[in-house]
**Student:** 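Structure in structure tokens, see below.
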2 protein chains.
Amino acid sequence: MGRPRYLRVADALRVPILDGALPPGARLPSRAQLARRHEVSEQVSRNALRLLIAEGLVESRPGSGYYVREVPESYRFARTDRFSGSLLRPLAGEDRDTITRPACDRMAERLGIGEGEPLYRTRCVGTAGGAPVAVHTSWEPAVLTHNTTRAPGDADAETGVLERLAAAGVVIDRVVEEVAVLPLTEPEAVLLRLAPGAPVLVVERTHYSGQRPVETSDLVAVVERCRLSYRLSLARTPAGGGPRPDPHR
Amino acid sequence: MGRPRYLRVADALRVPILDGALPPGARLPSRAQLARRHEVSEQVSRNALRLLIAEGLVESRPGSGYYVREVPESYRFARTDRFSGSLLRPLAGEDRDTITRPACDRMAERLGIGEGEPLYRTRCVGTAGGAPVAVHTSWEPAVLTHNTTRAPGDADAETGVLERLAAAGVVIDRVVEEVAVLPLTEPEAVLLRLAPGAPVLVVERTHYSGQRPVETSDLVAVVERCRLSYRLSLARTPAGGGPRPDPHR
DNA sequence: AAGTGGTCTAGACCACTAT
DNA sequence: TAGTGGTCTAGACCACTTA
């Protein structure tokens, strides 16, 4: 009774899609067919299909029909704790580009330095299947590797931050990552070929050496095609020592 | 010309919302008023408003009107590695609810058990400022704590999985979290009071005891209101042992 | 040429809110 | 009681794909 008809029609399609009876690529009945079959108006079948589209299960091809959506291959960012060399797997198909800029107030705060201090900013675009899927932008105080052969631009693309800075005598022992979904802003929108305002997955990451932040970065990733995969160890230190857990309240 | 009318009506509302001329909480013209003002049918103003709702700019209050959405304070989920008692800070304002169900194929796979084996499913809704912000659903093989006082329903809400299962003799030493942004589906949509299809932040988490998965859960969180905060240690275990400094400070 | 999805019009009923 | 949003019906035209 109370349940709106378009939800019932949507249910009738969602079930076979989710259990595989309607596999990806399969064509759904047309609006008119659905309307006849469920004895509803065409608007009702429209609403049902629109809902399934919004849920990401169905796509429409104008002039052709509604189809079960192919699940897009997703790009997985692997993150782990202490046993990992670099939390961020190097992006494939990258064009790395390093420049020197004075710290803006936001970066000065994230890196705990003075505004205007020189930073290396490194940016690269990750692609998968020809399409850009993520933009990674990293900022690092120039003072750390200035006049060494370990500046961001010197290292080859496969070298992680941890190795590079370790070689420069900076030991990274801690990382903080903030994950959020934010509206896409203009500069990244161009690189990702998306409309500004589209939701994107953002990871703000900061590497620390003791109390001191030594590198910070933003990963801006296309929502539909990216996943983060955290693999974390929870084993207590074998020796009976070990301080009590800090639950970060 | 070609631009559909409902997009033009939506534009006419989006501009004043984004530049603050229509502040959060402001009431928009009703469907009928919009239709008259723009000389379109009421369905067109309906479509325009539905688009703005999907964009997260507007909310509807049935019987009352359409309003510019209040931008909510965000809720932070703290995650850490081995020093944390529970990765997921207990949700505030929770209504915990535990039932016993046979494992569906998806859960059987995640938990590495046979389809149909009994599971405890625990669900709670996290709220902030009165509004639901996340749904956490956890699945755990009943065999682990069956006939003990450590089943999910027995523990008080503040006890984390790690402590509870440890008390039942199951030592969790590893966790894998998959973070993605997915379209919201119907069952969670009701709990979160959101439209199905809205993007939500999803964390699929699995706790392991050695190679064996012992608990898995889905956290479905409202995108605009939730952040994940990972604090991870990268320090190698020092050979000498001794009490380790807390790396999360 | 027929079918399809995208859009649009012009009505309607219901449950709910505001007054 | 009047207004509102949510849903629904029964039509229609257009651009596009398919055969």
Side-chain angles (χ1 to χ4, degrees), chain A residues 1-14 17 22 24-70 195, chain B residues 1-14 17 22 24-70 130-131 184 186 189-190 192-198:
Chain A
M1 282 297 103
R3 189 163 178 79
R5 304 190 191 188
Y6 75 97
L7 289 182
R8 303 197 65 86
V9 175
D11 293 343
L13 292 169
R14 195 188 292 107
I17 292 173
L22 284 170
R27 185 158 174 273
L28 301 183
S30 72
R31 290 193 323 214
Q33 289 169 343
L34 278 177
R36 282 196 298 275
R37 188 174 308 178
H38 291 87
E39 295 180 317
V40 294
S41 77
E42 208 183 299
Q43 276 294 342
V44 170
S45 48
R46 262 198 62 67
N47 285 338
L49 289 162
R50 171 167 44 214
L51 174 59
L52 296 174
I53 289 172
E55 290 177 8
L57 295 175
V58 167
E59 65 183 10
S60 73
R61 302 183 199 159
S64 173
Y66 293 93
Y67 296 82
V68 179
R69 190 142 159 268
E70 308 276 354
Chain B
M1 290 303 98
R3 189 163 177 79
R5 303 189 193 189
Y6 76 97
L7 290 181
R8 303 197 67 86
V9 176
D11 293 343
L13 291 169
R14 195 187 293 106
I17 291 173
L22 284 171
R27 185 159 175 273
L28 300 183
S30 72
R31 288 191 328 213
Q33 289 170 343
L34 278 177
R36 282 196 299 275
R37 188 174 306 177
H38 292 87
E39 296 179 315
V40 294
S41 77
E42 208 182 301
Q43 276 294 343
V44 170
S45 48
R46 271 197 60 69
N47 285 338
L49 289 163
R50 171 167 43 213
L51 176 59
L52 296 174
I53 289 172
E55 290 176 7
L57 295 174
V58 167
E59 65 184 9
S60 72
R61 303 182 199 160
S64 173
Y66 293 93
Y67 296 82
V68 179
R69 196 139 159 268
E70 309 274 355
L184 184 56
E186 251 291 323
V190 178
L192 291 176
R193 294 181 217 154
L194 283 181

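We name chains A, B, ... by the order of the sequence lines, and we start the count at 1 in each one.
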**Student:** If an axis is fit to five pairs at each end of the helix from C:dA1-D:dT18 to C:dA18-D:dT1, what is the angle between the two, to the nearest 10°?
**Tutor:**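 So the angle between the two local helix axes works out to 0°.
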**Student:** Hey, mind stepping through A:Arg8 and A:Asp11 against salt bridge (charged side-chain N to carboxylate O under 4.0 Å, His left out) and telling me if it holds?
**Tutor:** CA-CA 5 Å; A:Arg8 303 197 65 86; A:Asp11 293 343; 5.9 Å; no
**Student:** Would the distance check show the side chain of A:Arg5 and the main-chain N or O of A:Ser41 forming a donor-acceptor pair, the cut-off being under 3.5 Å?
**Tutor:**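 Answer holds: no.
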**Student:** Could you tell me the separation between the CZ atom of A:Arg36 and the CZ atom of A:Arg31, rounded to the nearest 0.5 Å?
**Tutor:**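 Nearest 0.5 Å value for the CZ-CZ distance: 12.0 Å.
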**Student:** To the nearest 0.5 Å, how far apart are CZ in B:Arg50 and CG in A:Asn47?
**Tutor:**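 The CG atom of A:Asn47 is 6.0 Å from CZ of B:Arg50, to the nearest 0.5 Å.
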**Student:** For the pair made of NE2 in B:His38 and P in C:dT7, what is the distance, rounded to whole Å?
**Tutor:**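 About 18 Å, once rounded to whole Å.
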**Student:** A:Asn47 has an atom CG; how far is it from atom P of D:dC8, in whole Å?
**Tutor:**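 Whole-Å distance recorded here is 7 Å.
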**Student:** Of all heavy-atom pairs between B:Val40 and B:Ser45, which one has the smallest distance, and what is that distance?
**Tutor:**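 For B:Val40 versus B:Ser45, the nearest heavy atoms are CG2-N, 4.5 Å.
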**Student:** D:dC14 P sits how many Å from B:Arg5 CZ, rounded?
**Tutor:**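 Rounded to the whole Å, the gap is 13 Å.
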**Student:** Quick one: CD on A:Glu59 to CZ on A:Arg69, what's the gap to the nearest 0.5 Å?
**Tutor:**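 Those atoms lie 7.0 Å apart.
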**Student:** Whole-Å distance between D:dT7 P and A:Leu7 CG?
**Tutor:**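 After rounding, the gap between these two atoms is 7 Å.
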**Student:** Which pairs, protein N/O on one side and nucleotides 1-6 of chain C N/O on the other, fall under 3.5 Å?
**Tutor:**
| from | atom 1 | to | atom 2 | distance (Å) |
| --- | --- | --- | --- | --- |
| C:dG3 | N2 | A:Gly63 | O | 2.9 |
| C:dG5 | OP1 | A:Tyr66 | N | 3.4 |
| C:dG5 | OP2 | A:Arg31 | N | 3.2 |
| C:dG6 | OP1 | A:Ser60 | OG | 2.7 |
| C:dG6 | OP2 | A:Tyr66 | OH | 3.0 |
| C:dG6 | N7 | A:Arg31 | NH1 | 2.9 |
| C:dG6 | N7 | A:Arg31 | NH2 | 3.4 |

**Student:** Any donor and acceptor pair, going by atom type alone, linking the side chain of A:Arg14 with main-chain N or O of A:Leu57 inside 3.5 Å?
**Tutor:**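 Looks like no, no N/O pair under 3.5 Å.
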**Student:** Looking at A:Ala12 and A:His38, what are the two nearest heavy atoms and their distance?
**Tutor:**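 So the minimum-distance heavy-atom pair works out to CB-NE2, 3.7 Å.
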**Student:** May I have the distance from B:Tyr67 (atom OH) to D:dG3 (atom P), rounded to whole angstrom?
**Tutor:**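 From B:Tyr67 OH to D:dG3 P: 15 Å.
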**Student:** Just the rounded figure in Å: distance from C1' of C:dA12 to CD of B:Gln43.
**Tutor:**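 Going from B:Gln43 (CD) to C:dA12 (C1'), I get 12 Å.
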